[in-house]
> 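Got a structure for you, questions after.
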Amino acid sequence: MTSLALHSEELRDLLLSRIRDVPDYPKPGVLFKDITPLLADPDAFTALTEALAGLCRERGATKVVGLEARGFILAAPVAVRAGVGFIPVRKAGKLPGATLSQAYELEYGSAEIEIHAEDLSSEDRVLVIDDVLATGGTAEASLRLIRRSGAQVAGVAVLMELGFLPGRTRLESSLEGAPLDVLLTV
């Protein structure tokens, strides 16, 4: 791979070629999009990291948050590449010390996410990074959590959006004008 950025069509083709469809996982009727082959390919993973780091710089982010758990895998190298801090957004009860938490509704039930209270400040512009935008619940809750910390939202960036689910619609009002960047829509 060259050090030059791939054009968007080349990037899209590369990323799509490294995402494996797994039928009937985790239950019958679901077609799971497995990103582990992409992560295992150094050229594809580097291209993805570069694309997301470019968005981080373009959006003026000072920190990135990665949503548990695959968002950690993507966001941490992006933070390093973009020269900004990385903040994990964890499921409730996983972080020691003082935390800010945000509950949200799932399709069947509810969940809660947390960050360390001192990790974000009013000077921060935060880009949320995750692997998939599906129903949008976790991303929406992370935006609320970031704003409650006093930080600004720089946007949300995801590897892929499941276009047949309502994640984009759910996020629209929570974004409050911040951009949603999607590399692939499937």
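Predicted model only: the values in this text are computed from it and were never measured.
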> Minimum heavy-atom separation for Pro179 to Arg59, with atom names?
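Heavy atoms only, the tightest pair is CG-NE, 3.2 Å.
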> When you check the gap from the basic side-chain N to the acidic O, do Lys91 and Glu112 get nearer than 4.0 Å?
no
> CG of Leu145 to CG of Leu120: how many Å apart, nearest 0.5 Å?
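Rounded to the nearest 0.5 Å, the CG-CG separation comes out at 8.0 Å.
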> When you compare the side chain of Val126 with that of Val153, does any pair of heavy atoms fall below 4.5 Å?
no
> Would the distance check show the side chain of Ser121 and the main-chain N or O of Glu123 forming a donor-acceptor pair, the cut-off being under 3.5 Å?
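Between the backbone of Glu123 and the side chain of Ser121 there is a qualifying donor-acceptor contact (under 3.5 Å).
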> Could you check whether Asp43 pairs with Arg18 (Lys NZ or Arg NE/NH1/NH2 to Asp/Glu carboxylate O, under 4.0 Å)?
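Not counted as a salt bridge, because no side-chain N and carboxylate O are separated by less than 4.0 Å.
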> What I'd like to find out is whether the side chain of Thr135 reaches to under 4.5 Å of the side chain of Leu106, using heavy atoms alone.
no
> Would you say the side chain of Pro88 lies within less than 4.5 Å of the side chain of Val65, judging by non-hydrogen atoms?
no
> Name the one of Thr49, Leu55, Val84, Leu48 that satisfies side chain to side chain contact (heavy atoms under 4.5 Å, CB included) with Val78?
Thr49
> I'd like to check Leu175 versus Leu143 (side-chain heavy atoms, cut-off strictly below 4.5 Å). Are they in contact?
yes
> Using atom types as modelled and distance alone, determine if a side-chain donor or acceptor of Arg20 lies under 3.5 Å from a backbone N or O of Pro37.
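Checking the backbone N and O of Pro37 against the side chain of Arg20, no donor-acceptor pair under 3.5 Å is found.
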> Find out if a path of hydrophobic residues (ILVMFWY) with successive side-chain heavy-atom gaps under 4.5 Å connects Leu184 to Leu165.
yes
> Kindly say whether Leu52 contributes a backbone atom to a donor-acceptor pair with the side chain of Arg81 at under 3.5 angstrom?
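The answer is no, because no donor-acceptor pair under 3.5 Å joins these two groups.
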> Counting only heavy atoms not in Arg147, do more than 12 sit closer than 6.0 Å to its CZ atom?
yes
> Once rounded to the nearest 0.5 Å, what's the spacing between atom CG of Leu16 and atom CZ of Arg12?
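If I round to the nearest 0.5 Å, the distance is 5.0 Å.
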> For a side-chain contact (heavy atoms from CB on, under 4.5 Å) check, start with the C-alpha distance between Leu159 and Leu133, then their side-chain angles and the critical distance, and finish with the verdict.
CA-CA 8 Å; Leu159 167 58; Leu133 175 60; over 6 Å; no
> Just wondering, do Ile35 and Phe45 contact through their side chains at under 4.5 Å, heavy atoms?
no
> Do Leu95 and Phe72 land in one hydrophobic cluster if side-chain heavy atoms of ILVMFWY residues count as linked below 4.5 Å?
no
> Could you measure the distance from the CG atom of Leu31 to the OH atom of Tyr25? Nearest 0.5 Å is fine.
13.0 Å
> Whether Glu114 and Lys94 form a salt bridge (side-chain N of Lys/Arg under 4.0 Å from carboxylate O of Asp/Glu) is what I want to check.
no
> Indicate, with yes or no, if Ile19 and Phe164 share a hydrophobic cluster defined by side-chain heavy-atom contacts under 4.5 Å among Ile, Leu, Val, Met, Phe, Trp and Tyr.
yes
> Which pair of heavy atoms, one from Pro96 and one from Thr99, lies closest together, and at what distance?
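It is O-CG2, 4.5 Å.
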> Roughly how far, to the nearest 0.5 Å, is CD of Glu176 from CG of Leu171?
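Here the interatomic distance stands at 11.5 Å.
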> Shortest non-hydrogen contact from Gly66 to Ala75?
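Shortest heavy-atom separation between Gly66 and Ala75 comes out as CA-CB, 3.6 Å.
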> Leu127, Leu74: one ILVMFWY side-chain cluster at the under-4.5 Å cut-off?
yes
> State, yes or no, whether a side-chain contact exists between Val64 and Cys56 at a heavy-atom distance under 4.5 Å.
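Counting from C-beta outward, Val64 and Cys56 do come under 4.5 Å.
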> Under a 3.5 Å cutoff, is there a donor and acceptor pairing between the side chains of Glu140 and Ser174?
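There is such a pair (donor and acceptor under 3.5 Å, judged by atom type) between the side chains of Glu140 and Ser174.
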> To the nearest 0.5 Å, what is the distance between CD1 (Ile87) and CD1 (Ile146)?
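Answer rounded to 0.5 Å: 9.5 Å.
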> Ignoring hydrogens and geometry, is there a side-chain-to-backbone donor-acceptor pair from His116 to Leu100 under 3.5 Å?
no
> Looking at every non-hydrogen atom in both residues, tell me the closest pair between Ser110 and Glu105 and how far apart they are.
CB-OE2, 3.8 Å
> Give a yes or no on whether Ile129 and Leu39 share a hydrophobic cluster (residues Ile, Leu, Val, Met, Phe, Trp, Tyr; joining criterion: side-chain heavy atoms under 4.5 Å apart).
yes
> Would a 4.5 Å heavy-atom cut-off, applied to side chains only, mark Leu67 and Ser142 as touching?
yes
> Check the surroundings of atom CZ in Phe32: do more than 12 heavy atoms from other residues, nucleotides or ligands lie under 6.0 Å from it?
yes
> Who pairs with Val132 by side-chain contact (heavy atoms from CB on, under 4.5 Å), at least two apart in sequence or on another chain?
Ala134, Met160, Leu162
> I want to check something: taking the side chain as every heavy atom from C-beta on, are Leu15 and Leu38 in contact at a cut-off of under 4.5 Å?
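In short, these two side chains touch, coming nearer than 4.5 Å.
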> Give a yes-or-no answer on whether the side chains of Thr138 and Tyr104 include a donor-acceptor pair shorter than 3.5 Å.
yes
> What distance do Leu14 atom CG and Leu183 atom CG have between them, rounded to the nearest 0.5 Å?
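So the CG of Leu14 and the CG of Leu183 are separated by 11.5 Å.
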> Holding to side chain to side chain donor-acceptor pair (under 3.5 Å), I want the full list of residues that pass it with Glu9, two or more places apart in sequence or in another chain.
none
> Which pairs count as side-chain hydrogen bond (donor to acceptor under 3.5 Å, both in side chains) when at least one residue sits in residues 62-71, sequence neighbours excluded?
Thr62-Asp124, Lys63-Asp124, Glu68-Arg90, Arg70-Asp131
